[in-house]
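Down below is the structure, laid out as structure tokens.
Quantities reported herein were computed from a predicted structural model and do not represent experimental measurements. Residue numbering restarts at 1 for every chain, and letters A, B, ... go by the order of the sequence lines.
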Amino acid sequence: MLVRDTLREILKAVLEECRAAGDLLSGSFPPLVIETPADPLHGDFATNVAMQLARTERKAPRAVAAVIAAQLAKSSALFARIEIAGPGFINFYLQPSFWQQQLPAVLAEGCAYGCSATGAGKKVQVEFVSANPTGPLHIGHGRGAAIGDTICRLLAATGWHVSREFYYNDAGQQIANLALSVQARCLGCEPGDPSWPADGYQGDYITELARAYLAGEAVDADGSVVTAAADPTDLEAIRRFAIACLRREQDLDLLAFGVQFDNYFLESSLYTDGLVDKAVQRITDNGYTYEQDGALWLKSTAFGDDKDRVMRKSDGGYTYFVPDVAYHLNKWERGFVRVVNEQGADHHSTITRVRAGLQALAAGVPENWPEYLLHQMVTVMRGGEEVKISKRAGSYVTLRELIDEVGRDATRYFFLMRKPDSQLVFDIDLAKQQSTDNPVYYVQYAHARICRIFESAAESGRHPEAGAGAVALLVAVEELDIMKQIAAFPEIVAAAAENFEPHRITSYLHELASLLHSFYNRHRVLGEDAALTEARLYLLTAVRQILRNGLAILGVSAPEKM
RNA sequence: GCGCUUGUAGCUCAGCUGGAUAGAGCAACGGACUACGAAUCCGUAGGUCGGGGGUUCGAAUCCCUCCAAGCGCGCCA
């Protein structure tokens with residue numbers, strides 16, 4: 001059980017005891033808040049319950065606090081000290097033994113420490129990246145990949161059965177543009193020529209695709225081999241070859257980034273399986289459509305949208321969100337009572353439309369299903385200048401370049417360091433520096449440092465396991481601070497998972513590493529006193545375990561040497 | 001014009017869902033290695049929490065209103 005929950009239960013029981021004894025008169029108690037004060041002089045934990053009760057008790061907050069504090073001291077041996085402070089806070093100081101007892105728990109649970117069973121094994125699907133196969137993955141996809149992947153790890157750590165899905169937009173206008181662009185290059189056209197396709201893609205990779213196609217190369221993507229027909233007039237063959245090539249490139253980039261999916265869902269399959277037509281028919285049958293100006297409209301205003309939206313254009317084609325609705329109906333029918341879509345904030349407007357379409361289907365889908373996790377845009381700085389991102393012009397930083405230049409660990413950590421809601425300035429020059437500017441080294445160094453201490457310890461025949469019985473010797477401020485931080489890990493993981501906020505993990509790990517480094521500089525681990533040495537090695541074993549667990553959630557390695 | 005997100009130290013960002021004197025990391029300045037890795041530590045300095053109202057015992061946090069930035073607002077995807 002989380003430390004905070006333990007305290008909340010104790011407090012709740014004490015309040016009941018006070019009421020039974022006639023010391024408290026309030027008929028009901030407010031939700032009990034156990035907070036960790038910003039200032040350690042205000043205790044390990046504090047509660048504001050006395051201030052909240054002051055009104056119904058018709059007494060001064062501090063007087064109420066006095067009653068509760070007295071009963072707390074009587075009821076539990078957990079507290080070293082209880083104080084009433086400020087306007088009526090009750091501050092708790094826990095016994096050192098309470099913190100010391102956290103260590104065996106960490107070692108016993110090992111890589112499972114920090115996990116919880118909140119999800120109870122229920123199914124959740126997380127869709128992320130879902131890039132169009134019209135070019136290499138860029139830095140924005142990188143942020144989505146890092147966040148999405150970490151959310152999956154967080155959900156798994158909190159007891160959910162996670163399925164990772166990549167939605168592959170292999171149908172539609174953008175793919176047609178891709179094929180036309182490659183064909184144009186095959187025919188020797190260049191951007192600006194009269195015959196160059198409108199909205200054609202101009203990146204170097206298009207030229208490369210054309211060359212490979214004309215050379216009759218073969219590409220292995222997703223288990224099947226596609227061989228180029230080398231015929232510039234065969235647009236369909238060009239399309240298939242280009243998609244296969246880009247798909248393979250994206251897969252390789254994601255693999256290099258440490259991101260893997262359980263399922264790739266092809267947009268084209270929605271059409272070939274008739275799911276799009278079926279969804280549209282069902283919405284029409286439900287009476288949520290009408291014809292106007294030769295198009296079929298969805299009455300999305302019935303579900304909170306600003307205006308109604310066209311589903312089927314006057315030329316007979318569907319608008320982009322229609323297959324999306326069919327896709328999400330399919331997710332629902334696959335039994336995912338919980339679905340999270342991680343995507344860039346520039347696609348924000350799709351949320352209302354997809355949800356409206358799902359409601360119009362009347363399939364029993366909850367109104368706020370699926371959940372969305374949006375990340376804000378990434379701007380790239382290089383050489384002190386902003387790099388403008390434009391896929392059509394072919395000017396952008398690819399995820400692959402980033403991994404090659406910056407390294408996988410630093411790239412992931414950098415993407416995860418701030419909350420998804422904030423815009424991210426990715427300074428490539430800064431991230432490339434393998435210096436303290438990059439916090440990932442700070443955290444990894446703490447891990448490597450512990451590993452080195454263990455090497456030295458082993459050489460002198462001292463072993464961390466032997467410290468289990470000596471934890472009572474760990475009473476230095478720096479040691480207690482570390483144990484308190486250790487005890488907080490499970491609730492940090494829970495909060496990060498619940499709020500979709502990976503940056504809570506990076507902040508936490510940075511603090512833990514900082515405490516470790518401070519301790520290391522202040523105290524000698526391998527000292528004269530054998531018992532104390534073993535106790536400290538035992539402490540470091542727990543710290544190392546948590547550094548590993550935390551970094552694993554981020555998908556960042558925990559090196560033993562650097 | 002409308003919607004979403006953001007605005008906190010010179011820079012990049014936290015702030016535990018309304019708590020006590022607002023915190024880190026860079027950058028600046030001054031210190032600490034003849035013992036476990038100095039990729040580290042200790043200290044100093046740095047603030048009208050975008051502005052203004054409101055809610056209450058108490059607001060960076062909640063409400064209103066301005067200001068500024070980013071992203072959306074198509075029979076494009």
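Within the nucleic acid shown, A/R55 comes within 4.0 Å of sugar-phosphate atoms alone, with no base atom in reach, counting heavy atoms only. At a threshold of 4.0 angstrom between heavy atoms, the contacts of A/H523 include nucleobase atoms, whether or not backbone atoms are also involved. Counting any heavy atom pair closer than 4.0 Å across all strands shown, A/A46 reaches a base atom. Among the heavy atoms of the strands lying under 4.0 Å from A/R418 are primed sugar atoms or P, OP1, OP2 only; no base atom is included. Within 4.0 Å of A/N91, counting heavy atoms only, lies at least one base atom of the nucleic acid. Base engagement by A/A85 is indicated by at least one non-hydrogen atom pair under 4.0 Å involving a base atom. A/S314 comes within contact range of at least one nucleobase, with a heavy-atom separation under 4.0 Å. Among the protein residues, A/N48 comes within range of the nucleic acid bases, having at least one heavy atom under 4.0 Å from a base atom. Using a 4.0 Å heavy-atom distance criterion, A/F454 is classed as making no nucleic acid contact.
In the model, A/E478 has a side-chain atom that pairs as donor or acceptor with a side-chain atom of A/H523 under 3.5 Å. Between the side chains of A/Y167 and A/N132, not a single donor N or O lies within less than 3.5 Å of an accepting N or O.
Judged by ring centres under 5.5 Å apart and planes tilted less than 30 degrees, A/H347 fails to stack against the six-membered base ring of B/G72. No aromatic stack links A/Y445 and the base of B/G37, using centre distance under 5.5 Å and interplanar angle under 30°.
Taking every side-chain heavy atom of A/H503 into account, B/A14 is the closest of B/A77, B/A14, B/G37. Closest contact between the side chain of A/R4 and the listed nucleotides B/C41, B/C76, B/C16 involves B/C16. For A/V425, whose side chain is taken as the heavy atoms from C-beta onward, the closest listed nucleotide among B/G74, B/C13, B/G37 is B/C13. The listed nucleotides are B/G19, B/A39, B/C41; the one nearest the side chain of A/F89 is B/G19. For A/H517, counting side-chain heavy atoms from C-beta on, the closest listed nucleotide (B/C75, B/U40, B/A24) is B/U40. Here the side chain of A/Y520 is nearest to one of B/C36, B/A39, B/C73, namely B/C36. Side-chain proximity of A/K561 to the nucleotides B/A20, B/C73, B/G37 is greatest for B/G37. Comparing B/G19, B/U5, B/G37 by their closest approach to the side chain of A/M51 singles out B/G19. Taking every side-chain heavy atom of A/R452 into account, B/G37 is the closest of B/G37, B/G19, B/G15.
Between A/D293 and A/I90, the one whose closest nucleotide on RNA chain B sits nearer the 5' end is A/I90.
Around atom CZ of A/F321, more than 12 heavy atoms belonging to other residues, nucleotides or ligands sit under 6.0 Å away.
Checked against the 6.0 Å centroid threshold, A/F166 and A/F265 do not count as a close aromatic pair.
Within the 3.5 Å criterion, the main-chain N or O of A/G140 finds a donor-acceptor partner in the side chain of A/H138. Remark: side-chain polar atoms of A/E511 are not paired, donor with acceptor, to backbone N or O of A/Y508 under 3.5 angstrom.
For B/C4, the base is anti relative to its sugar; the glycosidic angle deviates from 0 by more than 90°.
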